[in-house]
Protein chains: 2
Amino acid sequence: MTTDRSRPTSRDVARAAGVSQAAVSLVLRDKWRGRVSPGKAEAVRAAARELGYRPNPAARSLRLGRTRTALLVVPALTNEFFARLHAGTARVAAEHGFGVVLYPSPEGIGPARDPFDSASAALDGVIASSMASEAPAALRADGDLPLVMLDSEPERTQAAATVNLDIADGMRQVVAHLLDLGHRRLAHIAAAVDSWTFEVRARTLAEAVRAAGCAPPLTRPSALTVADGTRAALEALAADPRPTALVCDDDLLAAGACKAARRLGLRVPEDVSVTGFDDLSLATALEPELTTVRLPAEEAGAAGMRALLAVLGVEGAGDRGGVGTGGDVSGGPAEVTTLPVALAVRGSTAPPPRTPARPGGR
Amino acid sequence: MTTDRSRPTSRDVARAAGVSQAAVSLVLRDKWRGRVSPGKAEAVRAAARELGYRPNPAARSLRLGRTRTALLVVPALTNEFFARLHAGTARVAAEHGFGVVLYPSPEGIGPARDPFDSASAALDGVIASSMASEAPAALRADGDLPLVMLDSEPERTQAAATVNLDIADGMRQVVAHLLDLGHRRLAHIAAAVDSWTFEVRARTLAEAVRAAGCAPPLTRPSALTVADGTRAALEALAADPRPTALVCDDDLLAAGACKAARRLGLRVPEDVSVTGFDDLSLATALEPELTTVRLPAEEAGAAGMRALLAVLGVEGAGDRGGVGTGGDVSGGPAEVTTLPVALAVRGSTAPPPRTPARPGGR
DNA sequence: CTGAAAGCGCTTACAG
DNA sequence: CTGAAAGCGCTTACAG
């Protein structure tokens with residue numbers, strides 16, 4: 001009855017069910033009501049099941065002009081934050097039959113050089129996270145694909161939607177926590193990365209400290225590695241008077257700050273407090289465990305994919321409270337979703353020492 | 001001249017260059033020598049460049065029956081080891097115009113339930129890493145796609161190729177290092193994960209210890225988290241006589257072991273040595289830094305993708321020393337590549353204490 | 001309610 | 001060396 005070759009096609013299913021190829025498509029896409037008799041519909045489903053039929057995605061893409069594939073652009077996947085982001089994105093995508101292709105952008109983003117490097121051209125949309133300030137412009141080179149930005153400047157909006165984490169609130173919680181403990185001399189171990197998310201951290205820290213009437217924080221930029229965080233923290237701790245708390249842009253930097261403190265014979269948190277950002281698994285692997293801001297990375301990825309699906313008009317996506325607004329994005333400013341964050345208070349923060357020891361110099 | 005609609009097609013390029021559509025394809029696929037005159041070839045290239053032509057991948061896939069997409073199946077991408085593996089895979093894939101789709105398999109692997117959940121059906125091959133012993137069988141459900149296994153039992157071979165890390169050698173190096181330092185009572189904090197890679201670690205540790213004439217290692221299984229590693233290590237350190245070294249299957253577990261030791265008032269490495277496996281960034285974020293086995297995850301991913309490309313007969317792939325063996329895999333046992341690993345000796349190991357303190361009990 | 005046809009954009013035999 | 005045609009498998013108007 002069936003030729004035993006490779007994958008069955010809709011033609012094979014049609015033959016097995018005794019219907020036309022068109023009927024197979026209508027039934028399996030659930031568009032058959034009033035167009036195919038219930039009996040034939042059931043026959044199609046049975047035949048499809050028995051043959052193990054799965055539609056050829058290439059053929060469908062060609063016909064529909066859509067690929068059910070989204071591109072996720074992140075700075076680096078080896079960072080656990082982005083791995084979590086991806087997990088959320090991929091989960092929601094899978095729920096809607098979408099695939100996610102990753103583009104870890106080491107530095108610049110541009111169109112493919114060779115015209116045949118086009119595996120990535122088969123896209124319905126792009127989700128980009130934590131990009132450098134001017135990166136979105138480059139992303140537009142990829143045609144007129146719908147773009148959703150994550151953790152990025154909301155104004156700079158070629159994006160159809162933006163999903164942000166409440167970074168500013170997180171930083172304010174860090175500062176409030178440290179001020180509550182009695183700290184007055186904060187230093188900032190700042191990620192030396194040109195992106196909106198780190199700009200916000202720096203600006204918010206400075207504002208919050210100023211609002212409290214304290215001296216501006218000593219700032220030391222650092223690459224996003226433990227080793228460079230250690231170096232930057234060593235410099236910060238060499239200042240006179242020495243800061244009593246190191247506010248770090250990231251848990252990796254906080255780990256480096258802890259190493260720096262111990263290298264100078266200072267105890268964390270008794271002699272110096274350290275805070276992180278992200279709440280990676282690293283935060284609770286360290287000792288003492290890090291006081292840090294938990295960022296809901298997976299939720300952000302999921303929300304970003306939902307926003308993209310809504311822009312694409314994919315059914316069942318973007319339902320917020322039952323108000324069917326799928327695809328309603330033409331005109332008007334792009335919508336911005338901001339996810340709340342929470343401070344996780346752990347062992348790396350404590351009141352400042354009563355009589356701070358003076359550093360060796362001068 | 002050109003209609004200003006969406007993307008240009010090969011037809012548009014043909015019109016602009018004054019040639020047939022077929023000539024465009026031949027030129028851009030570099031199969032034109034002796035079939036198209038050099039002048040026309042150049043005209044095609046110029047027109048393609050000017051129009052920004054990029055071939056439609058869906059059309060190409062439909063025609064060729066191949067998609068230039070590989071599936072990477074890993075247990076969890078939030079583990080840095082697999083993130084690195086992915087980076088290597090994606091890099092090599094991109095060099096050959098391939099895309100990589102990720103399948104983080106929380107548990108089981110099976111065919112899509114719904115026939116229209118078929119985004120993942122557009123695949124040329126599968127790379128699966130560190131699977132449970134019986135998982136490959138399930139993978140075959142996906143049709144007759146070429147399969148490359150990473151970090152997996154080489155015998156169980158439905159796989160066209162296997163790329164392994166020399167896990168056994170790594171474990172032997174750990175044991176030799178600890179024996180050299182004078183340790184005789186080792187405990188094993190073992191990952192409670194049913195996979196070949198952890199079986200090998202357990203077996204090799206037991207063998208190496210026996211070969212040295214020591215008592216069999218006390219073994220405590222643990223989930224692959226810092227918290228559970230702490231619990232397991234607390235149990236191991238409660239034994240009498242107490243082990244002087246904790247051999248951990250993973251850096252996360254080693255971090256947990258360090259926390260357990262300190263919770264008991266024991267210093268690492270003075271009172272107890274701890275070793276890890278993987279050399280994640282966590283290994284040098286901790287203090288003391290972990291002695292651990294560096295696994296070349298990115299290289300493994302890259303080698304796996306190269307092996308898959310060779311099986312697929314993709315030109316330029318799989319060149320090993322210039323012997324063009326691409327695609328030469330029919331018959332014979334699947335080939336196994338084993339990548340060397342290296343012990344990174346750092347601060348978490350030292351000679352055992354002279355007079356080991358007895359634990360409280362009894 | 002059902003069937004036959006067109007066409008998405010590409011690549012590859014096949015005639016000239 | 002060049003051109004016209006077939007066909008990959010699907011979905012969607014369009015006639016009956």
Side-chain angles (χ1 to χ4, degrees), chain A residues 2-3 5-44 48 51-68 97 115-116 118-119 121-122 124 143, chain B residues 2-3 5-44 48 51-68 97 115-116 118-119 121-122 124 143:
Chain A
T2 329
T3 44
R5 292 172 317 170
S6 52
R7 285 219 330 226
T9 70
S10 64
R11 195 180 228 101
D12 296 325
V13 176
R15 218 165 2 226
V19 302
S20 73
Q21 197 186 13
V24 173
S25 177
L26 290 171
V27 170
L28 295 183
R29 304 221 69 193
D30 206 23
K31 293 184 173 179
W32 60 280
R33 323 241 159 219
R35 328 245 261 112
V36 178
S37 63
K40 291 207 173 186
E42 186 46 44
V44 166
L51 296 176
Y53 170 68
R54 293 197 296 173
N56 181 318
R60 185 135 65 131
S61 294
L62 179 57
R63 177 65 233 242
L64 297 177
R66 289 183 289 109
T67 57
R68 297 188 93 77
F116 276 94
S118 56
D124 285 344
Chain B
T2 330
T3 46
R5 293 170 318 169
S6 52
R7 286 221 327 229
T9 70
S10 65
R11 194 178 230 104
D12 297 324
V13 176
R15 215 158 15 220
V19 302
S20 72
Q21 198 187 13
V24 172
S25 178
L26 291 171
V27 170
L28 294 184
R29 304 221 68 192
D30 206 24
K31 292 184 172 180
W32 59 280
R33 323 242 160 219
R35 329 247 259 112
V36 179
S37 63
K40 292 207 173 185
E42 186 46 42
V44 166
L51 295 176
Y53 170 69
R54 293 196 296 172
N56 181 319
R60 186 135 64 131
S61 293
L62 179 57
R63 177 64 233 240
L64 297 177
R66 288 182 288 110
T67 58
R68 297 187 93 77
F116 277 94
S118 56
D124 285 345

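Every chain is numbered from 1 and lettered A, B, ... according to where its sequence line falls, protein lines coming before strand lines. Hydrogens, waters and symmetry mates are skipped; everything else that's a heavy atom, side chains included, is used.
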Legend entry - Atom pair distance, as rounded to whole Å: CZ in Arg15(B) and P in dG9(C): 11 Å
Inset, instruction - Taking the side chain as every heavy atom from C-beta outward, state whether Val19(B) and Val24(B) have any pair of such atoms under 4.5 Å apart. - result: yes
Inset, instruction - Would you write the dot-bracket representation of DNA chain D, where each base gets (, ), [, ], | or . depending on whether it forms a Watson-Crick or G-U pair under 3.5 Å and with which partner? - result: |||.||||||||.|||
Legend entry - Any residue meeting side-chain contact (heavy atoms from CB on, under 4.5 Å) with Ala43(A), in chain and number order, not counting sequence neighbours: Ala17(A)
Legend entry - Separation of atom CZ in Arg60(B) from atom P in dG9(D), rounded to whole Å: 18 Å
Name the pairs: protein N/O against N/O of nucleotides 6-8 of chain D, kept only if under 3.5 Å.
residue: dC8(D); atom: O2; partner: Arg63(B); partner atom: N; Å: 3.4

Inset, instruction - Supply the atom-to-atom distance Leu51(A) CG to Arg15(A) CZ, rounded to the nearest 0.5 angstrom. - result: 10.0 Å
Legend entry - Counterpart residues, side chain to side chain donor-acceptor pair (under 3.5 Å), relative to Ser10(A) (two or more places apart): Gln21(A)
Inset, instruction - Search all heavy atoms of Pro55(B) against all heavy atoms of Arg60(B) and return the closest pair with its distance. - result: CG-NH2, 4.3 Å
Legend entry - Leu28(A) CG to dT12(D) P, straight-line distance once rounded to whole Å: 13 Å
Atom pairs under 3.5 Å, N or O on each side, protein against nucleotides 2-4 of chain C: can you list them with distances?
residue: dT2(C); atom: OP1; partner: Ser37(A); partner atom: OG; Å: 3.4
residue: dT2(C); atom: OP2; partner: Ser37(A); partner atom: N; Å: 2.7
residue: dT2(C); atom: OP2; partner: Ser37(A); partner atom: OG; Å: 3.3

Legend entry - Side-chain heavy-atom pair Leu28(A), Tyr53(A) within 4.5 angstrom cut-off: yes
Inset, instruction - Work out which heavy atom in Arg66(B) is nearest to a heavy atom in Asp124(B); give both atom names and the distance. - result: CA-OD1, 3.3 Å
